[in-house]
Colleague: 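Structure incoming, see below.
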Amino acid sequence: AQSVTQLDSQVPVFEEAPVELRCNYSSSVSVYLFWYVQYPNQGLQLLLKYLSGSTLVKGINGFEAEFNKSQTSFHLRKPSVHISDTAEYFCACVTGTASKLTFGTGTRLQVTL
Amino acid sequence: DTGVSQDPRHKITKRGQNVTFRCDPISEHNRLYWYRQTLGQGPEFLTYFQNEAQLEKSRLLSDRFSAERPKGSFSTLEIQRTEQGDSAMYLCASSKDRGVTETQYFGPGTRLLVL
């Protein structure tokens with residue numbers, strides 16, 4: 001079954017420091033990858049998505065992710081985080097002809113002063 | 001776009017009662033999805049509509065669960081004879097009908113607590 005794995009359940013980081021949230025995928029077919037963010041008591045918001053083409057994808061709020069086929073990874077990065085980036089981040093995939101998203105277990109990004 | 005809306009935002013019920021949630025998608029979005037998110041987990045797919053047709057259902061959707069989307073607009077998710085294990089956040093999402101890679105836009109969710 002197609003799936004994504006988020007290796008870190010929590011990532012603490014100081015404000016203005018860089019951050020990387022890790023995501024690995026497993027699939028034997030074409031894969032489309034997404035990062036969503038969930039702020040407390042809110043729904044999910046799309047940060048960015050990889051469909052094809054350039055492996056470096058830029059998203060909203062200064063986030064970017066790099067698709068690496070050889071390592072089956074799609075890690076999310078931001079060069080300098082803010083307090084307001086504190087949230088839960090989910091990696092997800094849509095594979096083959098399915099329309100549903102399959103989510104990872106999430107990574108809690110905690111930004112402190 | 002006014003966004004996806006869900007009602008109610010919170011629901012507390014006693015075990016054995018029936019509950020119904022409503023989702024209003026972004027206008028002109030043909031696709032509508034329901035997901036369930038339990039504490040500490042990512043959302044899990046429940047079911048999916050294209051217009052009024054329910055095209056796919058997860059094995060998570062037991063026979064106590066039923067979803068409808070009459071006239072291809074809003075959708076309802078009903079849970080009959082609720083169990084404590086049904087306590088979760090129920091998320092609705094909608095998208096345009098332009099292939100599997102179309103962005104899904106999520107509502108704020110309905111948090112259900114079954115006592």
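Lettering of chains follows the sequences in order, A, B, ..., and the numbering in each one begins at 1. Atom set for the values below is all heavy atoms of this structure, side chains included, hydrogens, waters and symmetry mates excluded.
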Colleague: Would you name the heavy atoms of A:Tyr36 and B:Thr103 that are closest together and state the gap between them?
Modeller: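 It is OH-CG2, 4.3 Å.
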
Colleague: Any chance CD of B:Glu52 has more than 12 other-residue heavy atoms, nucleotides or ligands included, within less than 6.0 Å?
Modeller: yes

Colleague: Counting heavy-atom pairs under 4.5 Å with chain A, which one of B:Arg111, B:Gln37, B:Gln6 comes out on top?
Modeller: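 Highest number of heavy-atom pairs under 4.5 Å: B:Gln37.
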
Colleague: A:Phe90 and B:Gly42: which non-hydrogen atoms are nearest, and at how many Å?
Modeller: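 Smallest interatomic distance, heavy atoms only, reads CE2-CA, 3.4 Å.
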
Colleague: Test of understanding: clusters of I, L, V, M, F, W, Y form through side-chain heavy atoms closer than 4.5 Å, transitively. Do B:Leu46 and A:Val94 belong to the same one?
Modeller: no

Colleague: Surrounding CD1 of B:Ile12 (heavy atoms of other residues, nucleotides or ligands, distance under 6.0 Å), is the total greater than 12?
Modeller: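 Count not over threshold, so no.
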
Colleague: Are A:Leu56 and A:Phe67 grouped together when hydrophobic residues (ILVMFWY) are joined by side-chain heavy atoms under 4.5 angstrom apart?
Modeller: no

Colleague: Count the heavy atoms belonging to other residues, nucleotides or ligands that lie under 6.0 Å from CZ of B:Arg15, then report whether that count exceeds 12.
Modeller: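 No, not enclosed.
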
Colleague: Step through the shown structure and confirm whether more than 12 heavy atoms of other residues, nucleotides or ligands are within 6.0 Å of CD on B:Gln80.
Modeller: yes

Colleague: What part of A:Leu51 is in contact with chain B, defined as an atom under 4.5 angstrom from a non-hydrogen atom: side chain, backbone, both or neither?
Modeller: side chain

Colleague: At a heavy-atom separation under 4.5 Å, does B:Glu44 approach chain A through its side chain, its backbone, both, or neither?
Modeller: neither

Colleague: Based on non-hydrogen pairs under 4.5 Å, which of B:Gln50, B:Arg31, B:Gln104 is most in contact with chain A?
Modeller: B:Gln104

Colleague: Could you check whether atom CG of B:Leu39 has more than 12 heavy atoms from other residues, nucleotides or ligands sitting under 6.0 Å from it?
Modeller: no

Colleague: When clusters are formed by joining ILVMFWY residues with side-chain heavy atoms under 4.5 Å apart, either directly or through shared neighbours, do B:Val4 and B:Leu32 land in the same one?
Modeller: no

Colleague: Within the side chain of B:Tyr105, is there an N or O that forms a donor-acceptor pair under 3.5 Å with the backbone of A:Leu46?
Modeller: no

Colleague: Would you check, one step at a time, whether the test side-chain contact (heavy atoms from CB on, under 4.5 Å) holds for B:Tyr35 with A:Phe103?
Modeller: CA-CA 10 Å; B:Tyr35 294 83; A:Phe103 288 88; 3.9 Å; yes

Colleague: Measuring from atom NZ of A:Lys100 to atom OH of B:Tyr33, what distance do you get when rounded to the nearest 0.5 angstrom?
Modeller: 10.5 Å

Colleague: When rounded to the nearest 0.5 angstrom, what is the spacing between CZ in B:Phe106 and CG in A:Leu101?
Modeller: 5.5 Å

Colleague: A:Gln38 versus chain B, heavy atoms under 4.5 Å apart: side chain, backbone, both or neither?
Modeller: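 Only the side chain of A:Gln38 comes within 4.5 Å of chain B.
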
